[in-house]
Amino acid sequence: MTLSAATDSDLARALERFAGELGQDAVAGDPQVLQAFRDPFPLGDPDEFRAAGILSPSSVEEVRAIVRLANELGVALWPVSRGRNNAYGGPSPRRRGSFIVELSRMDRVLEVDEDSALAVVEPGVRFFDLYDHLRAHEHRLWVSVADLGWGSVLGNGLDRGMGYTAYGDHAAMQCGLEVVLPDGDLVRTGMGAMSHGAAWHLYAPGFGPAVDGLFRQSNLGIVTRGGVWLMPTPEVFTCVDVVVFGFDDLEPLVDALRPLKLDGTIEGSAAIREPMLATSKLDARSRFYDGAGPAPEEAVQEMMRAHGLGRWTLSFAVYGSEARVAADLQAIRRAFARVPGAEVLERTYAGDVGADDVALADRTRAGIPGMYSETLPDWRAASPGSGRHVCFSPVLPLRGRPAIELATRLREIVEGAGFDYIGTYHVGKRHLSHVVEIIWDGTEDAQTAAARGVFGELVATAAELGYGEYRTHIAFMDQVAAQFDFNDHALLRLQRKLKDAMDPNGILAPGKSGIWSGR
Ligand code: ADP
């Protein structure tokens with residue numbers, strides 16, 4: 001039985017059985033509650049990915065009970081931590097009729113180890129919560145935060161989200177997971193596999209094949225706790241913006257940046273943004289352009305003048321002792337002096353600066369959570385709240401030529417479909433993740449259809465250049481997975497083998513990342 005095909009009475013019985021395990025207040029199936037767990041930015045029919053019910057366990061044992069019952073009833077589960085995966089589907093399940101297992105009630109900070117600079121948290125802990133906990137207990141530790149502080153620390157890392165400090169690679173900063181498997185078994189990864197493992201959250205690999213990666217962007221387990229490495233509060237930090245004024249200046253900017261990433265001068269995250277992202281936080285698009293189609297270049301130039309922005313701005317920070325930061329800054333100034341017309345802006349703070357004393361644009365670089373990109377979806381909205389966005393996120397080399405080539409081609413496609421080309425290049429050690437924001441007004445059906453339609457062209461264009469996506473909206477998971485086609489899709493075949501072995505009834509997050517079970 002699959003619930004999408006099941007009758008109302010099957011559904012009512014399933015909800016009743018879940019309520020028997022969790023209590024009535026932890027189970028919901030009424031339309032009002034389901035409404036709150038829909039993708040806030042649907043790409044068409046808002047019910048395309050509708051859940052059958054919402055389950056809110058409070059403990060690991062309850063999660064295990066849910067999984068066992070799902071196997072018995074033959075219903076699908078879709079686990080989320082806080083379900084704020086907006087622009088990628090929010091809390092919505094890939095398969096309609098799945099039960100969302102939302103973990104917001106499991107929201108304890110279980111441990112903070114100041115000496116080893118780490119925390120152990122449950123999946124319901126948000127960036128806001130961990131930040132507040134660290135400040136309330138006067139820990140000299142920073143958490144790396146995403147753009148929106150309401151997301152969960154663990155869920156964001158499990159979907160390979162990013163922050164903006166030296167610890168901005170959130171998946172890489174997770175160390176040691178506890179996971180409920182699709183058959184209800186419970187494992188602890190790495191050194192946590194020992195009953196008294198003392199190095200669980202210090203050394204991720206453990207002994208033998210490491211399995212943590214199996215639980216990221218996957219449907220092989222529900223993570224119920226995890227270790228997160230935190231950054232010791234630095235003596236000082238300097239936020240650096242490198243501003244260039246021509247669209248094609250992206251190329252020399254990226255090439256000047258690469259050696260600084262490779263030699264560790266810029267240790268952590270960096271991001272290169274075009275000016276509409278910053279403008280969306282400060283101003284209304286309609287002040288610059290109110291016509292149909294994408295904002296013309298003159299309007300973009302006007303935004304740049306109004307807010308003192310470049311055509312591209314590279315933003316990052318350097319952290320450490322005063323001497324180290326001073327030496328890093330010297331190397332940084334030297335490197336970007338070679339980029340014609342580039343301006344380097346610097347703002348230095350003491351590591352223990354109060355949140356209010358950090359400029360708004362610098363706060364994510366200081367690990368201070370907020371709702372910084374909250375206004376972005378309404379960039380094209382006809383009325384407040386009617387805006388939508390979806391992200392297209394290909395991965396390419398950290399080199400200038402590929403970056404400008406991709407930017408130019410994607411801009412043509414996106415603008416050709418009637419959208420602004422708005423994007424960020426997130427900078428890794430050797431790669432760029434280009435996150436292109438497609439933003440539209442949800443009350444305009446033609447725009448919604450165009451947003452969905454253009455995606456296929458973007459995926460195909462990136463694939464032609466050899467670039468696959470690092471993450472995608474639920475509506476495009478099959479399409480994106482299909483691009484990974486070496487040797488007749490050998491990787492996907494392996495992922496499906498694992499899926500069938502670990503989840504023979506196919507109850508956990510069917511379709512996540514394009515992985516469906518044999519059933
Ligand atoms: P956020 O932290 O932004 O609220 P979500 O909770 O929406 O993020 O999680 C993002 C995605 O990561 C989910 O769609 C799901 O696929 C996966 N995920 C989140 N939490 C868990 C978890 N505890 N166990 C397994 N997968 C998870």
Side-chain angles (χ1 to χ4, degrees), residues 36-41 49 51 54-60 62-64 66-67 76-95 98-108 120-130 143-163 170-171 174 177-182 186-187 189 211-228 369 371 373-374 391 393 470-477 481 499 502-503 507-515:
F37 283 87
R38 280 199 324 202
D39 181 359
F41 308 127
F49 300 109
I54 312 298
L55 310 175
S56 305
S58 300
S59 68
V60 182
E62 287 189 356
V63 174
R64 298 181 75 180
I66 288 172
V67 166
L77 305 174
W78 180 264
V80 300
S81 290
R82 281 281 169 173
R84 302 294 193 183
N85 208 18
N86 294 358
Y88 294 107
S92 271
R94 170 63 187 86
R95 199 177 81 186
S98 306
F99 287 78
I100 294 174
V101 181
E102 66 88 16
L103 300 165
S104 65
R105 291 185 181 184
M106 295 176 65
D107 63 350
R108 289 176 301 166
V120 183
V121 297
E122 292 186 323
V125 173
R126 306 169 308 160
F127 295 108
F128 283 130
D129 304 323
L130 185 52
V143 54
S144 173
V145 301
D147 286 297
L148 296 171
W150 66 359
S152 72
V153 176
L154 282 187
N156 185 273
L158 290 172
D159 220 39
R160 305 202 181 103
M162 285 169 283
H170 291 167
Q174 292 184 341
L177 301 176
E178 178 184 82
V179 191
V180 174
L181 299 181
L186 183 70
V187 292
T189 67
V211 297
D212 295 53
L214 288 181
F215 303 109
R216 297 209 173 90
Q217 290 189 359
S218 92
N219 48 17
L220 299 175
I222 301 180
V223 174
T224 48
R225 74 158 78 176
V228 182
M371 294 295 287
S373 56
E374 200 178 14
C391 294
S393 314
Y470 90 94
R471 187 180 189 185
T472 200
H473 187 277
I474 45 175
F476 305 115
M477 283 178 172
K499 179 71 178 159
M502 291 174 65
D503 184 10
I507 57 112
L508 197 60
K512 173 78 182 175
S513 302
I515 303 162

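In listed order, ligands and their atoms are each counted from 1.
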For a quick test of reading the model, state the closest non-hydrogen atom pair linking Ser218 to Leu214 and the distance between them. OG-O, 2.6 Å
Can you report which non-hydrogen protein atom sits closest to atom 5 (P) of ligand 1, along with the distance? Gly83 N, 3.5 Å
heavy-atom search around atom 24 (N) of ligand 1 in the protein gives Val223 N, 2.9 Å
Taking non-hydrogen atoms only, is Leu148 closer than 4.0 angstrom to ligand 1 via side chain, backbone, both or neither? neither
Per-atom contacts of ligand 1 with Asn156, taking only distances under 4.0 Å to non-hydrogen atoms: 2 (O)
So which protein heavy atom does atom 4 (O) of ligand 1 come closest to, and at what separation? Arg84 N, 2.6 Å
Mark yes or no for whether Arg471, through its side chain, and Asp159, through its backbone, hold a donor-acceptor pair below 3.5 Å. yes
Taking the side chain from Asp503 and the backbone from Leu508, do they hold a donor-acceptor pair closer than 3.5 Å? yes
Quick one: nearest non-hydrogen protein atom to atom 21 (C) of ligand 1, plus distance? Leu158 CD1, 3.4 Å
So CG of Leu177 and OG1 of Thr189: to nearest 0.5 Å the spacing works out to 4.5 Å
What do you reckon, does Trp150 have a nitrogen or oxygen under 3.5 Å from a nitrogen or oxygen of ligand 1? no
Has Leu154 got any heavy atom lying under 4.0 angstrom from an atom of ligand 1? no
When you measure from atom 15 (C) of ligand 1 to every protein heavy atom, which one gives the shortest distance, and what is it? Pro79 O, 3.4 Å
The answer for which part of Asn85 has a heavy atom under 4.0 Å from ligand 1 is both
If you measure from OG on Ser58 to CZ on Arg108, what distance do you get to the nearest 0.5 Å? 10.0 Å
Any donor and acceptor pair, going by atom type alone, linking the side chain of Glu374 with main-chain N or O of Leu148 inside 3.5 Å? no
Output for pair (Ser513 OG, Lys499 NZ), nearest 0.5 Å, gives 10.5 Å
Using heavy-atom distances, let me know which of Arg126, Gln217, Lys512 sits nearest atom 16 (O) of ligand 1. Lys512
Is the backbone N or O of Ile515 less than 3.5 Å from a side-chain atom of Asn219, with the two atoms forming a donor-acceptor pair by type? yes
Evaluate the side-chain proximity of Leu55 to Glu62: yes if any heavy-atom separation is below 4.5 Å, no if none is. no
For Leu103, the atoms of ligand 1 under 4.0 Å from one of its heavy atoms are 23 (N)
Relative to the ring of Tyr470, is the ring of Tyr88 parallel (under 30°), tilted (30 to 60°) or perpendicular (over 60°)? perpendicular
Ser152 heavy atoms within 4.0 Å reach ligand 1 at atoms 1 (P), 2 (O), 4 (O)
Atom 25 (C) of ligand 1: the protein heavy-atom neighbour that sits closest, reported with distance to 0.1 Å: Gly221 O, 3.4 Å
Below 4.0 Å from any atom of ligand 1, is there a heavy atom belonging to Pro91? no
Give the residue and atom name of whichever protein heavy atom lies nearest to atom 20 (N) of ligand 1, and the separation in Å to one decimal. Ser81 OG, 2.7 Å
